[in-house]
Amino acid sequence: MRSFLSPHPQLYTVQMSIRVRFAPSPTGHLHVGNVRTALYNWLFARQKSGAFILRIEDTDLDRSEKRYEEQLMDDLKWLGLSWDEGVDIGGGCGPYRQTDRFDLYTRYADRLLKAGKAYYCFCSVEELEREREAQLKAGSQPHYQGKCRAIAPEEAGRRRDQGEEATLRLKIRDGIVGFRDLVFGPLEVDCDVIGDFILLRSDGSAQYNFACVVDDACMQITHVIRGEGHISNTYRQILLYEALDLSLPQFAHLSTILGKDGAKLSKRHGATSIDEFRRRGYLPEALINYLTLLGWAPERDGREILTPEELVEEFSLERVNRSPAIFDPDKLNWVNRSHLKKADPTRIVRLALPHLEEAGLVPKEADSETSRWAADCIGFLINHVDKLEDLPAEFSRTFSFDPEAGLAAPEVQEVVSQTGAREVIAAFADYLNERDFVDFDVYREAVNAVKAQTGQKGKNLFHPIRVSVTAQASGPELEKLIPLLERGSRLPLPKKVMSARDRARQVKGMLA
Ligand code: GLU
């Protein structure tokens with residue numbers, strides 16, 4: 001039975017189910033590193049039918065902002081990482097925002113103070129700085145050397161009563177502190193290098209390690225899964241669990257995510273905030289897929305494209321890799337492209353349309369005919385882009401027509417100088433010219449007619465036909481493009497689309 005002072009006595013009953021938490025500080029946008037932490041917690045909880053808790057760690061009052069708290073919840077919701085307890089939905093172990101839990105920290109601090117395991121420190125900032133500099137100069141790792149430990153508790157109490165400012169520090173024991181990390185294996189450090197650290201600042205607010213332990217214990221967290229940067233905090237936290245006589249959760253630290261150049265991931269490596277990935281047109285399931293693969297791989301076969309449901313099923317902490325993960329934007333693009341192809345077409349149209357509207361390529365209040373055409377264009381072009389923000393450029397490339405520049409390109413010149421190319425181009429233009437509406441069937445008939453008329457086949461037939469419609473040597477499937485050009489040419493679009501008929505006529509004229 002746990003012995004901690006829970007504000008929720010009803011939860012004393014031993015609960016063996018898995019409880020994990022994501023505990024972001026709302027001091028900036030969620031980025032790749034902390035989202036992967038959230039994700040691994042979520043996957044683990046969902047797989048084990050446990051609880052995933054969202055706790056807001058806002059004890060740094062100067063840097064925490066409400067808008068970041070809201071943004072991070074939006075980002076998590078968008079990614080589909082739903083939580084079971086949290087600031088917005090409450091739960092049995094709330095409140096879930098640390099600034100709403102200060103009374104609780106004070107109670108735990110009193111307990112340590114009364115047990116003689118914590119003491120007031122009256123050292124000034126300048127004094128501590130001098131001590132730090134001296135240690136650095138001597139080549140040792142700076143830590144508080146415990147000067148105020150010697151002050152008798154009665155005297156410390158008197159000085160406090162007289163209004164003297166003081167922090168509260170934990171009395172660190174001697175020896176080794178260690179644990180078996182679920183990812184990194186056994187880890188330990190000599191308590192000597194830690195030093196009595198601060199639990200409560202002089203204004204009475206709780207310092208991170210202290211608030212974290214009190215919360216993880218009160219929230220009955222069974223597994224603490226977080227970035228490897230926190231390993232040094234974990235030693236401190238274990239000493240706190242010991243001092244408070246609380247049972248330890250298990251710890252799993254996740255390796256740092258690096259850029260391809262081996263440097264810590266930063267703005268310079270491109271988009272790193274979730275908000276930005278969302279704006280650029282990455283799908284949440286693609287990000288989930290890619291980020292899960294950053295430090296983990298499924299046990300069976302080498303599958304890399306997995307749905308969130310499959311990831312939940314297959315995820316295991318045992319298979320999390322301890323070597324640094326490398327964030328590769330090209331791989332993310334490939335994963336996103338695969339998910340774009342798999343996704344429900346109606347959803348893709350809904351997500352993609354704003355990108356075309358913003359770029360002024362499709363009218364915002366389109367009539368139904370134009371909307372249908374735009375949807376078909378999206379369905380056609382989506383196979384050619386990595387992310388939705390690339391769609392406008394792909395759209396423009398596909399639907400704009402510049403035969404002068406096109407025909408001047410060496411690869412197009414090469415096609416035009418092929419045997420019989422000009423005859424094919426002329427015959428194709430003439431055939432289309434006689435038809436009112438050029439759809440898939442008419443295009444097929446045209447190809448057969450031109451083939452019969454000119455005797456050309458294979459690339460000698462198809463390459464010139466492509467040039468006559470696009471003035472380019474390569475590009476998307478003509479049988480899909482041509483009907484879209486025909487329909488587009490009849491619509492009130494911001495940028496006029498030219499039909500295959502008019503294009504072919506123009507190319508024929510220029511080559512004549
Ligand atoms: N607020 C801490 C952070 O954002 C959480 C650390 C933890 O998970 O314990 O890094």
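In each ligand, atom 1 is the first atom listed, and ligand 1 is the first ligand listed. None of these values were measured; they are calculated from a predicted model.
Asp84 and Arg19 are not joined by a salt bridge, as no carboxylate oxygen comes within less than 4.0 angstrom of a charged side-chain nitrogen. Under the 4.0 Å criterion applied to side-chain N and carboxylate O atoms, Arg397 and Glu394 are assigned as salt-bridge partners. Under 4.0 Å is where a charged nitrogen must lie from a carboxylate oxygen, and between Glu69 and Lys66 at least one such pair does. Here Arg158 does not pair with Glu154 in a salt bridge; the nearest charged N to carboxylate O distance is not below 4.0 Å. Salt-bridge annotation for Asp275 and Arg279: present, with a side-chain N of the basic residue lying under 4.0 Å from a carboxylate O of the acidic one.
Looking only at heavy atoms of the protein, atom 5 (C) of ligand 1 is closest to Ala23 O, 3.1 Å. Looking from atom 8 (O) of ligand 1 to the surrounding protein, the closest heavy atom is Arg21 NH1, 2.8 Å. Scanning all protein heavy atoms for the shortest distance to atom 10 (O) of ligand 1 gives His230 NE2, 2.9 Å.
Residue Glu57 has at least one heavy-atom neighbour below 4.0 Å for each of these atoms of ligand 1: 1 (N), 2 (C), 5 (C). Near Tyr208, meaning under 4.0 Å from any of its heavy atoms, are these atoms of ligand 1: 6 (C), 7 (C), 9 (O). Annotation for ligand 1: atoms under 4.0 Å from non-hydrogen atoms of Cys212 are 9 (O).
Ligand 1 has no N or O atom lying under 3.5 Å from any N or O atom of Gln237, backbone or side chain. Between Pro24 and ligand 1, not a single N/O pair is under 3.5 Å apart.
In this structure, a donor-acceptor pair under 3.5 Å is absent between the side chains of Asn336 and Asp386.
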